[in-house]
Structure formats: C-alpha cells, structure tokens
Amino acid sequence: MNSIEVINLTKRFGKFTAVDNVSFNVGKGEVFGFLGANGSGKSTTIRMLCGIIVPTSGEASVNGFNILHEPEKVKANIGYMSQKFSLYGDLSVEENINFFGGIYGLSQSRLTDRKNWVLQMSGLTERRKTLSAQLSVGFKQRLALGCAVLHEPAIVFLDEPTGGVDPISRRNFWKLINELSASGTTVFVTTHNLDEAEFCNRIILLDYGKIVATGSPKELKSEFIKNGMLFLESDDVYTAYELLEKHRLVHNASIFGNALHVSLSDAASLEDNAAEAIRAFLESNGIKVAGIRSIVPSLEDVFLETIEKPASDD
Amino acid sequence: MRAIIDFMVKEFLQFLRDPKMFAVVLIAPVIQLVFLGYAANRDLNDVKTCILDNDRSNSSRDFISAFEKSGYFSVIQYSENYSELEREIDLGNALIAIVIPDDFEKNMNSGKTSNVQVIFDGSDGNKASVAAGYVMSVASSYGSKIFIERFEKSGIKVPPAGSIESVTRVWYNPDLTTRDFMLPSIVGLVLIIITVNMTSLAIVKEREIGTLEQLLVTPVKPYQLILGKLLPFTVIGLVAVTLVLAVMIFWFGIEVKGSISFLFFCSLIFMLSTLGLGLFVSTVSKSQQQAMVTSAFLVIMPMIFLSGFAFPIESMPKIIQYVTYIIPLKYFTVIIRGIVLKGLTIADLWLELSILFLLGVVILVFSSLRFKKSME
C-alpha cells in the first residue's frame, strides 16, 4: 500500500488555479520531496492532504484514508509542521510537549516516553523549562518536529521546515528526517532549497500548480540533462550566454556567478569534442574562455532546465 | 475531555505569563469601579445661583433667604445689573439666575401676583430640569407660607383640614444616590469587557501566530477547541465579578440585598452571551487589533448605550426601544440591580433570566457554527 495516493487533485481560488490536476503516489518510508518556486502550489497541496482545506476536485488518500470522507482519521495518522514556528512561545518546552501530547490523546506513560524521546532528539533535555520563544530557530524547528511526531504518525508533512536556519542546523535537521524515514515513517517535505532535495528518495517538481518532473534526483538529472553538462568560465559571461543560447550544440545555458552551466543538445552527443567546439566558437567571437570542463549536474540545473520562466516571488 | 482539560491548563499558563492580560482582568475592573463610583454622580446638591434683586426690600430679602435656607442653592453672586448676571451664566459659573423685579414688595403687599424671573443654563438639560424642580418647590412653599401669614394677619383662622399633603418615601435607594444605582450594573460591564475582549483576542492570537493551523491538523474536535477556549475565560469572568462585588460592598458600602449565589448564577447565564459574542468577533477578525476595535464598536458600545446602563430605555425613540430587546446587557442590568438593590429572587426575575438564557444559547450556537465553518 502506498502511504499517499493522489489522483487529479485540483484547487482553485476564484479564477486562480493553485494546484492543477496533480497525481502522484508516495511509498511507505519514503522521503518525498515536493519542489517548486514560491507560489507553485506546494503548500496548497500539503494543506489539502492534511485536511486543512478542501480540494476543488480530485481525490487523495493518506495512509489509506480518504481526505474528503475521513478527515478525522487522516488527522490522527499524520504529523504536520509548517514553515512558521507554530508552537506556543509563552509555554515552556515541556509544556508544549504536554499540551500536544494531550491533544493527541497520549496516555500518561506513553507521553513520558515520547517526551523523553523528543527532548533527547531535539537536544533540549537540559532546557525543558525554557520558554520556547527563547530558543534559537534551529532548536525551535527540532522541537516543532518533535511535537509533530509525538504520536508516532505514519506520515509526517513538513512544509518548508528549514526556512531561515543556518546550514549546520539544517544538516542536523535532515539527519532527524532520515532517522524518521529509517524507522518507517513516510516524510513528505516541501522545499525550494535544491541542495536539500538531493537528500530525498523521490522528488516532484511543481511549476504553476502543474507537475513538470518526477523521479529520484539521479533519474531527474539523467532525464533532463541527457547529453552532459559543461562548466564554462569566462570574463564576459553575459555575452557568452547570449551567444550560446542560440548555438546548435547547446540545449540550455544558465549563469552561475562568473561562470555558465551549459547543458548540451542532442546534436552535441554526436560531436567528438563538443567542449572544444564551443570554446572555439566563443573565441572566434572575441570572448576569452578561461576554462571549460564537464561536470555532474545538480538538481538546480535540472530545475532551471525544466522551468522556462521561473515564477516570481509571491 | 482530556483535550479540554489540557486546553484549559494551557490557557491558564498563558494567562498567568501575560502581565498585560493580568492587569486588564484584575486591575482594570477595580479602577473602573472606583472611577465610576465617584464620577458617575448625577445628584445635584449645590445649585450655583446668581441673584439680581431690583427691589431690595424686606420681602425680596426674605424670599432670597428661603432659597439659601433650602440647602439646594448656594448664592455665588449678588449681581449689580443684568449684564453681570448674564456673564456668570455664560461663563458657566452659575447654573441659574434669579431676577426679582422692583415692584416685588409692592405687588406682594397689595395682594397681587408677583413675577420672579429665573434663568437656567439649559446646556445640560438633565441638570436644568432638576434645578427647576428645586426652584418650583422653594417658590411654592414660600408662596403658601405668605398666604397663610396673610390669612392669620387678617384674623381669619385657616381651616386645618381639606389640604392634601403628599409624603414621599423612596424605596430601595432612599437617598436617591446615583452611585447605588450605577455600581451594581458595572458587574455586567466588566463581564462584557473581559469576556468579549479576551475570548476574541485569545483565539485571534492563535490564528496570527499560526498555532490555530497547527491545531487544525490534530484530531482535536471543534467543540473541544471552543470549550477549551471559553471555559478558562468563564472562570476569569467569575473572578472579576467577585472582585467587583468586593469593592462595591467593602469600599462603597453598598450591601447586596439578594442572594449572592443567585447573582453568580445569573452572571454565568449572562456569560453565555458575552462568550458567544467574543467567539463571533474572533470569526470576523484577522488580527488582534481588528478584534479589539470590533469588540469595542460592534459589541461593547451598543451594549452600553442600548442596555439602559447609561441612558434610560423609556426615553429612547420607540424604534430604538425595540432594538434593546435583543441586548443581553439590558436584561442583566435589570437582574443585577434587582438583586443588589431590591433583593429580588428567581420568582421575580424568571422572565428576564429566561430571555437572557435564550439569547445566550442563540448567540453561542450561532457563533460556534461560524467558528466551526471558519476552521474548515
């Protein structure tokens, strides 16, 4: 059985279609990444799956329960953590855990067990009496995750969980996510951070409410960047970018600082040395190429490849 | 049940940690009570008076001293001329001015009617009419005194029978002090301010910081959420009532003639309405500020103006009088004044209490449904 099954899910707000006919499945214990720019429909999807908002059309089941007909059962089987810190800042770490334990109907002995687990996992055992408003963002997020999985749900939804934290806290947070997944919990996580997406077992790329790509990070790279990618350094990347956009060996080019990431076209795969051909082309146009070499594409390259017009911030 | 208790524990912890809320609930009612207790005074004991005596005769001086001796008037000036007297009224130094014509004594002695002009500052109609009443009573008793004197002088014995004397006895508030009448109804006012404001703020705050959304993805049911939010404020409301009553009894010395436990019971019934209104405000407000403004202008102000708390309902236009039928504070004001001043019991107040209960149930059910819908 899949943890999550989504069939033709659509949500419209007036004339605006936030989520457009989306279908996918998530297996048990998977870390499933939901990627997209701001306003691409990630949060709306997650909110429909958690039963906070009702879809316009389509169906979905979460842990085998229909989101439309059995929202109460869905809620008992999921944990949810949003991008906003949504615990009570004026309650202590322990009081927050007690409160959510009560809301989830944990027995006293189970609450004690789970409380110790959360305190240990978040590293807050010593600071259990601290008001949660006084914690740093990284600790807040670990506490929020702890409260979201207090009742050991089958599935946990994380809506941009690592917004606004430093890289080390982020890494620690992902360690927790992987531990949850290893113990059989399905983790559904949205992010617009492409480094993070590399940690996921499977990814969906969403753009303007539509799925544009789906697969493991590796599959996505080989699917969208079939013919390899070049890293090209030049002192005039802008002119180089304009020239290469129309070149027959080039599928797509994107600017990264003072370098270009150039994905090659089908025609280039027939060339013996596409890199040298491109260098020669640029230099014949008066652009000095400081270096050119083959690289392993990142998910960011895939993202830029699939999304022609990046959605502006909403 | 467990979830509701956890909610209440959480609400109390948050309440105790918020010094502002603490102040609003426990200090504000007492300050309000003390201020209103001293300021809400519509009694008129000392009518500032100007006198222009154009006659300067024995009779006119006798007439003036009748005013001075009555205890209601204090003469602030004997004016020399009309414009001086006008000035005192214009400046607000005097509430009334008495002008005695130069033929006062002549007319009196020749048995004619003598006219005396009294000028009132009518900008505060209520005050002016009270003062007018005092003037009338002093003038008429002076008139009858003269009448009797004249009879006696002429040797005719006045027949003792045949005259009617009305003896006034005021019940419940014998000194007719405004304070005794106003203070009990402050219980209602304080309950409204506390429960409407705090309930709506507490809910909207959770929406603002995102915890409400967090609660929506838990199995907690809307009724548990509503009860968990409303019950703590019921308790806080009762604490505030206790405080108000304590100040009223021990500070102002107003004794409660009726049963205090019945008074608390009625307060609970009244809170059905106010908590319901607080819940309603939370469903129409996006921010705490909005909730404050909405509860002040949509709930608290109309309640105060239309309940008979501030202005008597009998003197409102008919159409407004109909509107007052749906104001819960109107019934609660009647009930609370009845219990405190008259010692009324359920046998006397059952109708008001039933209406209050019905209003409360309707408001609470309507707001709960709205709240439930806003959560979905």
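In what follows, every chain begins at residue 1, and chains take the letters A, B, ... in the order their sequences are listed.
Taking the six-membered ring wherever Trp is involved, the centroid distance between the rings of B:Phe280 and B:Phe371 does not fall below 6.0 Å.
Of the listed residues (B:Asp18, B:Val217, B:Ile4), the one with the most heavy-atom contacts under 4.5 Å to chain A is B:Val217.
For A:Tyr88, the parts lying under 4.5 angstrom from a heavy atom of chain B are both the backbone and the side chain. Within the 4.5 angstrom heavy-atom criterion, only backbone atoms of A:Leu106 (N, CA, C, O) approach chain B. Proximity to chain A (any heavy atom under 4.5 Å) is restricted, for B:Leu215, to the side chain, taken from C-beta onward. Interface residue A:Leu87: only backbone heavy atoms are found under 4.5 Å from chain B. Of the two parts of B:Glu206, only the side chain, counted from C-beta on, holds a non-hydrogen atom closer than 4.5 Å to a non-hydrogen atom of chain A. With a threshold of 4.5 angstrom between heavy atoms, A:Asn98 approaches chain B through N, CA, C or O but not through any side-chain atom.
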B:Phe309 and B:Phe332: CA distance, side-chain angles, deciding distance, ring-ring contact (aromatic ring centres under 6.0 Å, His included) verdict: CA-CA 10 Å; B:Phe309 168 80; B:Phe332 190 63; over 10 Å; no

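Between A:Tyr104 and A:His151, the angle of the ring planes stays under 30°, which puts this pair in the parallel group of the 30/60° scheme. Ring-plane geometry between A:Phe13 and A:Phe16 is classed as parallel, the angle between the planes falling under 30 degrees on a 0 to 90 degree scale with a further cut at 60.
For CD of A:Gln120, the number of neighbouring non-hydrogen atoms (other residues, nucleotides, ligands) closer than 6.0 Å is 12 at most.
How far CD1 of B:Ile236 is from CE of B:Met198: 4.5 Å, rounded to the nearest 0.5 Å.
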